[in-house]
Protein chains: 2
Amino acid sequence: MEKQTITIYDVAREANVSMATVSRVVNGNPNVKPITRKKVLEVIDRLDYRPNAVARGLASKKTTTVGVIIPDVSNIYFSSLARGIDDVATMYKYNIILTNSDGDSEKEVNVLNNLLAKQVDGVIFMGHHITDQLRAEFSRSRTPIVLAGSVDPDNQVGSVNIDYKGATREAVELLANNGHEKIAFVSGPLLDPINGKERLSGYKEALKDKGLKYSEGLIFESTFEYKQGVDLAERVLNSGATAALVVSDELAVGIANALQDNGLKIPDDFEIVTSNNSLLTEIVRPRLTSITQPLYDIGAVAMRLLTKLMNKEEIEEKVVILPHGINKRGSTK
Amino acid sequence: MEKQTITIYDVAREANVSMATVSRVVNGNPNVKPITRKKVLEVIDRLDYRPNAVARGLASKKTTTVGVIIPDVSNIYFSSLARGIDDVATMYKYNIILTNSDGDSEKEVNVLNNLLAKQVDGVIFMGHHITDQLRAEFSRSRTPIVLAGSVDPDNQVGSVNIDYKGATREAVELLANNGHEKIAFVSGPLLDPINGKERLSGYKEALKDKGLKYSEGLIFESTFEYKQGVDLAERVLNSGATAALVVSDELAVGIANALQDNGLKIPDDFEIVTSNNSLLTEIVRPRLTSITQPLYDIGAVAMRLLTKLMNKEEIEEKVVILPHGINKRGSTK
DNA sequence: CTGTTAGCGCCTTCAG
DNA sequence: CTGAAGGCGCTAACAG
């Protein structure tokens with residue numbers, strides 16, 4: 001195939017200048033006489049020249065693309081982050097290579113290496129449990145990495161999150177204040193430190209503050225899907241719980257629907273607080289009270305932080321905590 | 001910065017072979033004596049050599065990355081397609097550069113050019129209205145392009161869709177068979193040919209088949225968001241309609257909720273059929289009857305088609321229509 | 001302000 | 001089966 005590409009050399013010849021000069025105008029280098037610049041731009045336009053980013057990347061060692069590792073784009077939680085990431089990336093002239101990992105640690109390592117092979121200038125990682133192997137890869141690479149909506153117990157790399165522990169504590173306290181003594185903690189995999197460490201300890205703290213006793217029987221480990229919630233509802237009810245803090249909206253809706261389909265009234269018979277404040281909480285009846293977390297912003301700030309890292313700017317704080325809140329709706333009294 | 005990268009040259013030296021040989025083993029070229037191969041692989045492993053994909057891209061003119069233009073990843077409809085695209089891309093060793101366009105035609109053109117500058121091997125485009133300028137860019141480029149979930153009236157490029165017209169006709173016929181004479185058509189922008197041509201003519205055909213008369217007053221043009229649906233509900237009701245075909249699940253849920261919050265019973269007082277069969281249709285009460293379309297598969301097949309195009313394989317048919325269906329739930333009798 | 005000259009790291013004939 | 005050599009298209013000193 002003879003893909004008739006026109007190169008910087010062609011432009012230089014047509015404009016009677018050297019390729020260096022063409023390179024300068026293309027890159028906005030001020031050291032070019034206006035007249036020359038104009039002439040070159042004209043030729044560029046006439047020839048419809050488009051700089052080859054790959055060649056540029058090889059020569060400059062910068063690709064202006066960042067890798068984004070995400071468990072699943074089709075999950076609204078992550079896709080919200082992704083949108084924030086891309087918007088800020090675009091703002092700073094970066095593109096993102098997006099790869100799904102399914103939270104599978106083996107894939108995560110593969111994908112990361114693949115991204116590094118492609119010479120991305122930085123990486124944003126979203127995941128659950130960060131394995132030691134992955135952490136090893138992180139530190140081995142000289143490429144800046146930022147976690148978004150994922151905590152690294154060691155804080156080796158930058159990260160952007162909310163205070164999951166505090167938010168969960170507040171939510172559980174809300175429930176406790178409404179008179180509940182048996183409050184279920186319906187979690188995703190506890191292996192994920194956000195669940196197993198942050199949120200769980202927030203839950204425990206709340207119980208302690210309110211003089212309630214902790215019971216293993218009120219802890220439910222699950223995945224994040226709607227169907228899981230539906231299936232879990234009965235067990236949660238049988239545990240004696242009269243309220244629940246749920247870590248995922250889909251899960252929460254599943255529980256709420258199953259409970260209601262069984263004739264229970266929410267919030268009269270059972271109260272629920274969920275954690276993501278997605279559109280789902282607004283759509284279902286009753287609407288779900290939820291912790292609010294700025295998903296889009298988490299992504300956006302993570303990307304912003306990454307740009308600073310890539311630019312070798314001084315970072316005041318590489319672990320960023322964004323504000324959260326609680327949006328009270330119909331699933332609590 | 002002295003990023004101590006180790007190159008193919010280092011490997012060659014350590015292994016006492018030429019870089020050509022290293023290149024061969026890295027690329028799986030069979031013309032290498034097993035012993036040599038083994039030796040090289042050993043050195044690669046020892047030095048932890050990772051081929052530079054950018055250099056490779058420059059030399060081979062293949063980047064093994066494809067560009068994906070998407071209106072909004074945080075929209076479940078598109079993110080489902082994106083997931084299908086990425087899975088198949090991964091399967092074929094491609095990465096995807098994902099960029100949001102907001103369906104803005106100016107951005108789309110920019111983004112496309114940016115992608116082409118990065119020498120992507122192919123492009124998957126998702127959008128609504130394909131402007132002439134964009135179509136011009138498409139045909140000007142020698143890079144294969146496939147549309148996913150988007151129709152190009154001219155069929156200049158490959159595309160993967162369902163039969164929107166037929167699906168809509170069936171849905172409206174379902175409503176007509178239930179005795180409705182005034183059926184609203186609640187659409188996204190009619191500028192999008194999927195709405196303004198395909199679905200609308202399916203709607204009209206159904207009316208005609210059922211001996212119902214078409215009325216402008218029953219056509220509603222909107223965007224896809226939940227809130228729009230809520231706001232639209234009253235107008236739809238005032239139009240005299242007793243049923244509606246809605247093109248977006250969010251929109252449909254908005255209408256259903258607003259109607260019910262106003263005391264109407266669904267499906268007794270009003271029936272609704274929506275179009276995307278997303279989780280939303282399953283979550284709300286009553287559940288929503290919906291056209292089913294294989295979103296993930298549309299993305300997956302589009303990417304598969306693109307791989308063939310990039311590989312210059314013979315294509316039997318570059319316009320692929322995937323099967324659809326109707327999933328009856330509680331919003332219809 | 002502009003041109004020259006080296007590469008960036010790898011692939012790909014072409015010989016041998 | 002293996003090596004040598006010439007780019008791929010562009011950036012980046014370094015002169016002038």
Side-chain angles (χ1 to χ4, degrees), chain A residues 1-41 43-44 47-65 93 116-121 142, chain B residues 1-41 43-44 47-65 114 116-121 142:
Chain A
M1 103 177 180
E2 17 46 72
K3 185 170 169 180
Q4 180 88 352
T5 36
I6 78 122
T7 78
I8 198 173
Y9 185 73
D10 300 316
V11 177
R13 183 165 30 70
E14 287 287 316
N16 290 314
V17 295
S18 71
M19 40 188 293
T21 299
V22 178
S23 176
R24 286 190 187 94
V25 346
V26 167
N27 291 298
N29 184 318
N31 293 352
V32 180
K33 207 190 323 184
I35 286 204
T36 314
R37 177 186 306 281
K38 184 158 175 293
K39 183 174 57 177
V40 172
L41 284 174
V43 175
I44 285 179
L47 265 47
D48 195 32
Y49 164 70
R50 213 190 274 124
N52 180 324
V54 173
R56 185 185 296 202
L58 183 59
S60 70
K61 294 182 168 304
K62 288 200 185 66
T63 53
T64 64
T65 107
K93 310 287 184 196
L116 295 177
K118 293 221 168 164
Q119 313 299 116
V120 294
D121 297 335
R142 302 225 113 288
Chain B
M1 105 176 180
E2 18 47 70
K3 186 170 169 181
Q4 181 84 353
T5 36
I6 79 121
T7 77
I8 199 174
Y9 185 72
D10 300 317
V11 176
R13 184 167 27 71
E14 287 287 315
N16 290 314
V17 296
S18 71
M19 39 188 294
T21 299
V22 178
S23 175
R24 287 190 187 95
V25 349
V26 166
N27 291 299
N29 184 319
N31 293 351
V32 180
K33 208 191 316 183
I35 285 205
T36 314
R37 178 187 304 282
K38 185 157 174 292
K39 184 174 57 176
V40 172
L41 284 174
V43 175
I44 285 179
L47 265 45
D48 194 32
Y49 165 70
R50 212 191 275 123
N52 179 324
V54 173
R56 185 184 296 200
L58 182 59
S60 69
K61 293 182 167 303
K62 287 201 186 67
T63 53
T64 64
T65 106
N114 183 231
L116 294 177
K118 292 220 168 165
Q119 312 300 116
V120 294
D121 297 335
R142 301 226 113 287

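Every chain is numbered from 1, with letters handed out A, B, ... down the list of sequences.
- The CG atom of Asn31(B) sits 15 Å away from the P atom of dC14(C) (whole-angstrom rounding).
- Partner of Lys118(A) under the side-chain hydrogen bond (donor to acceptor under 3.5 Å, both in side chains) criterion, out of Thr64(B), Asn52(B), Thr63(B): Thr64(B) alone.
- The distance between atom CD of Gln119(B) and atom P of dG9(D), rounded to the nearest whole Å, is 9 Å.
- Taken to the nearest 0.5 Å, the CD1 atom of Ile6(B) stands 4.0 Å off from the CG atom of Leu47(B).
- Lys61(B) NZ to Thr5(A) OG1: the interatomic distance, rounded to the nearest 0.5 Å, is 4.5 Å.
- Contacts of Val17(A) with the nucleic acid, taken as non-hydrogen atoms under 4.0 Å apart, involve only primed sugar atoms and P, OP1 or OP2.
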Q: Starting at the 5' end of nucleotides 10-15 of chain D, put B wherever the base has a protein heavy atom under 4.0 Å, S where only the sugar-phosphate does, and a dash everywhere else.
A: BBBB--

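- Atom NZ of Lys39(A) is separated from atom C1' of dT2(C) by 11 Å (rounded to the nearest Å).
- Side-chain nitrogen and oxygen atoms of Lys61(A) include at least one within less than 4.0 Å of the OP1 or OP2 phosphate oxygen of dG9(C).
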Q: Using the side chain to side chain contact (heavy atoms under 4.5 Å, CB included) rule, take Arg24(A) and Thr36(A) through it: C-alpha gap first, then chi angles, then the decisive distance, then the call.
A: CA-CA 11 Å; Arg24(A) 286 190 187 94; Thr36(A) 314; over 6 Å; no

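- Remark: Thr21(A) is not in phosphate contact with dC1(C), judged by side-chain N or O atoms under 4.0 Å from OP1 or OP2.
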**Q.** Val25(B) and Ile44(B): CA distance, side-chain angles, deciding distance, side chain to side chain contact (heavy atoms under 4.5 Å, CB included) verdict
**A.** CA-CA 10 Å; Val25(B) 349; Ile44(B) 285 179; 4.2 Å; yes

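- dG9(D) atom P lies 14 Å from atom CG of Leu47(A), rounded to whole Å.
- Rounded to whole Å, the distance from CG on Asn16(A) to C1' on dG3(C) is 13 Å.
- The distance from atom CZ of Arg56(B) to atom OG of Ser23(B), rounded to the nearest 0.5 Å, is 7.5 Å.
- When the side-chain nitrogen and oxygen atoms of Thr36(A) are compared with OP1 and OP2 of dT2(C), one or more of them lie within a distance under 4.0 Å.
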